[in-house]
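One structure below.
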Amino acid sequence: MAVCIGKGKATAAKAAADKMCEASRRMAMPRRDFIAASAAFAVSPLMSAAGRAVKTPLMLDTKRMAIWDGPGIRTTFFVKGCPLKCIWCHNPESIEPEAQWARFRHLCKRCAKCTMDEATCPTRALKRYGKPMTIGEIVSKALEDKAFYDESGGGVTLSGGEPLFFWEWAAELFKAFKAAGLHTCLDTSLYAPPAAIDALLPVTDMWLPDYKADDDALHVRYTGVSNAVVRKNLERLVAAKAKMEVRCLVVPGCTDGEDVAARHRYLNSIGVGERSIVDLEYFDYARSKYLALGMKDTMPLKPSVP
Amino acid sequence: MLVNVVCPLLAVVLSTGVEIPDGGVPMNDGGHQYTTRTEKRPAAIADESAYLKWKWRMDLADPATGLDNDALRAGVKKIADESGWKDGREDWYDVAARCFDFLVDNVAIGFSRYDGFPAVSAWDRHRRPMKAILWEHAAAVDDKHSPGLREKIAQMRKEGRASIGKDFDHSAPDWADILKLGFPGMKARVDSYSQDTPFYRAEKRAAAAAMRFLDRLIATAKAHPDADSPWMRKEIASLERLRVGPPQTVFDVMEFTMVYFMLSEPLNYFQVRTLDNIDVRWWPYYQADLAAGRTTEAEFREDFRHFIWQFGSIDNYWGHPIYLGGTNKDGTSAYNPLSLVILDVVEKTALPTPKFQLKMAKNTPDEVWLKALDMLRKHAPLCLMGEESMARSMKPVGLTDEECRDLLVWGCFEYLPRGKGNCTSATDVYLPQPVTEILSNAAKGDFVASTFEGFKREYFRILHANTDRTVELLRESERHLAEVNPALVLSLAVGSALEKGVDAFSLGYKYNFTAISECGFATAVDSLLAVKEFVYDKGTVSLAELGKILAADWKGHEELRLRMRNSRLKWGCGNADADALAKEVIEGFTSRFVGKPNGRGGVFVCYGLNSRGFIRGGRMTGATPDGRRAGDHFSKNMAPSVGAETEGVTGSIRSYGAVAPENFPCGSIYDVMIHPSAVAGDKGLRAFRILAERFFAGGGVALNINVVSPETLRDAQKRPEKYENLQVRVAGWNIRWNDIPRVEQDEYIKRLESMPW
């Protein structure tokens, strides 16, 4: 059996993780087993430098031919799990670190007996979000499109979820990307401890941080956390002369108007030039995913263009 | 709403003018127009746009000038029936020449102040006059020379092994040559041969008939009440020039092309499968016209818009082919400023046909790349062709470097040495058939294999037998092609045919290729992979059980069917094992015949495309282990099966490259679907170009691209009236979304939705 973890001892967690790998390779897996195994996997025995286990994320989809996640043509890998709860999140499947089932109601035929198995769902209404991938597997997948990166000045982007939620793992992954000669981008909320920034700085070619709101009250209201950590990390990146493109999502009725100007003012004040700031338009296209995941749809309405 | 208007009381008319019975049965079968669009024929043609649209969809010729299409058909039938061919008193060349004379002298002609090109009563591409006799005559020729051949061919088809046909449609004149000669020059050339053989007799008569046709056109135009209108004045002057010499102006070239087309396709039978490398060919005329003040860019644009509307009106479902660009002898790009004007008119006219193939190479100018890719984002009917890959694929059949440099692109995406080659192509070998045969034998206990290798050996044994048999029957079937349908007009336009004294289409070129198409390639590979995975690797089901399940079309085994259908082990996602097996299958197939002698002095080649064969083949084939149900379509062309492209467009391009497109001399096509967000904006355009360049670098020959999202198509299903101009590529050509039968729309959306955007 292939081992799913890059390195580590045969601990109980590893056994659970191996079970998970094996189970995921079987055609069908009872939902309860799957979730239990996934949860075990999410705290897997990848060892930190200090010899303790670090969190390893489950992975969501891989997006190839991504052109909006950094320079050139890229492959973007999405981790599952995020410490923030942004009400406008357009990847709600990426919030919980555990594996999740989704049932897309517009496709579901409501069979008398649901197979609870992606492979045998007749209409592909059933989707399982979150699957284990080893660092080796991710790197080899990324390398498949190397010719496209080389010609376009592209590479790989790690997104999520929040990659820095798993920062020790992310640093290991980026080291492996760099060893394979790949350009790396990190798409992050920067809601992470300073150690995470330090660990990723040497192996990240370009940072794609969000700056979601300048007014901390708004930041707390809409994301669930304060922007103080984010600002500190932004300043840290500027001080380290990290190459970056700061994304400011403009959500109508939430973080538009004066807050956008305030974000630009703040970013300029710490030394982020206008050319490195991008205002992103908000789209409320993810509603069916909230519904499919059984989550409360918190997305603000996008006013229709007159 | 124009789509699927099914009215129980009124007969409706398709966009091509074909009437369909009460109740509105979609005409998506049997080689007919690929459309379900129903439109009412207008009571009167009141303006230019109505005239252009309906010109080739109804009879707009003046009945006082000649016979209608039914009378023309009856006329040639009478000539054939009364001929002395059957009892050996008359050569078929003579009969065919008499039919051509009759048609040219009697077809009704029409002109209009709205247009600069003539109309004819033989407008209906489904009911060409010669079609009234050809198939019956083809059967008689077969029975005369090869008794029993047709039964053997029918047997191959009945058993779902191959469809073997006769082809009268896949060739094109040597445009460069005939533009220099003009009609009088073509006549003088054939008249210079003194041999009195049936071939030369027929060709001389055909050339004289062409001149008479010009005389009739001029006389009719001059007598027309609108003869003084600007369009008709221009047209009469041009026809008069063409009567006495080669084309002088770029408008003459368009007029010449249309008159040649009318003589060759409606009045003879087909053989204009490209209107040529028009930007390169027309550029000297256009430059000279501009310099002499004979035209302006604006005037050219208007003339050209009318020219392409002729083909927009004919609305051939495959998209009438025209190609642009290329490489000059000195290695520079052959694109010129006219190329961009042409592309711009094509974009603004927004028709699904004609279809423009663009030769792309390292020397292709940036502005051509940008214009073409931007147009592709807007669904324009363009196909990108990689010059280097085309040349590489032609090497195994012996072309010189110079012949490879100047390949004539024609048909769907095929290519041939300009003026030196033709290629018949009406034969498909069904690659999934051996899998179904083995499993059927396994169900009966007549076949066992303990390993997948054993299964595979049996697959290749049957595939080889099917292919060898097809080759043998096709050789025989093509031995007497000229006796079935001598290409009278084409032979006038091919110097080597006149030189050799033989029919151009049959064997008059230097290279007389016969193509055999793969059909159901991805279905076959995925079926083999499914047997490997579920029978041999996992042991989910035994071979005999699977055979029984397939014989029952999966009845009672829906879960297993879905597992097998949804397996990730498919060809088309860049999986190395799947790619290796795919290569083995395609090479196991092509190695049986590529480069080997055909029945008319040339060699066989293989096409990686099959027009609509994937529908026909699928219909006659039982369930396959890839989860396909009996009767469902096979995979299309060289595209992966629906749902197999789980690694997106880059993965599927890798898979295509792995099957070595050089296995397909003369042409293969890859259909790619791209989500609009991946190619949006300037950055997206750059990424788009890299994608295309990587495709060509990986050996890809013809790239058929759809930039469309499933959301858009679902919306278009709901509100078709909003998407009147939305075009997609279906089986290798552009078609209006609204014209596709609903079941195929659904399949198309399914394929899009299965891709990881």
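The basis for the numbers below is simple: all heavy atoms, side chains too, and nothing from hydrogens, waters or symmetry mates. Throughout, a chain's letter reflects where its sequence line sits, starting with A, and its residues are numbered from 1.
No hydrogens or angles considered: nothing links the side chains of Asn706(B) and His379(B) as a donor-acceptor pair under 3.5 Å. Defined by atom type and a distance below 3.5 Å, a donor-acceptor pair is present between the side-chain atoms of Asp187(A) and Ser159(A).
Summarising the local packing, NE2 of His90(A) is surrounded by 12 or fewer heavy atoms from other residues, nucleotides or ligands at distances under 6.0 Å.
Residue contact with chain B, scored on non-hydrogen atoms closer than 4.5 Å, involves the backbone and the side chain of Ile67(A) alike. Of the atoms belonging to Leu691(B), heavy atoms from both backbone and side chain fall under 4.5 Å from chain A. Of the two parts of Ala680(B), the backbone and the side chain both hold a non-hydrogen atom closer than 4.5 Å to a non-hydrogen atom of chain A. Of the two parts of Arg654(B), only the side chain, counted from C-beta on, holds a non-hydrogen atom closer than 4.5 Å to a non-hydrogen atom of chain A.
Taking chain A as the reference chain and counting heavy-atom pairs below 4.5 Å, the highest number among Ile653(B), Val679(B), Leu560(B), Leu562(B) is found for Leu562(B). By number of non-hydrogen pairs under 4.5 angstrom with chain B, the leading residue of Thr75(A), Asp145(A), Ile73(A), Asp61(A) is Asp145(A).
Ring planes of Tyr129(A) and Phe104(A): perpendicular class, angle over 60° (limits at 30 and 60°). A perpendicular orientation is assigned to the rings of Trp571(B) and Tyr670(B), their planes being inclined by more than 60° (bins at 30° and 60°).
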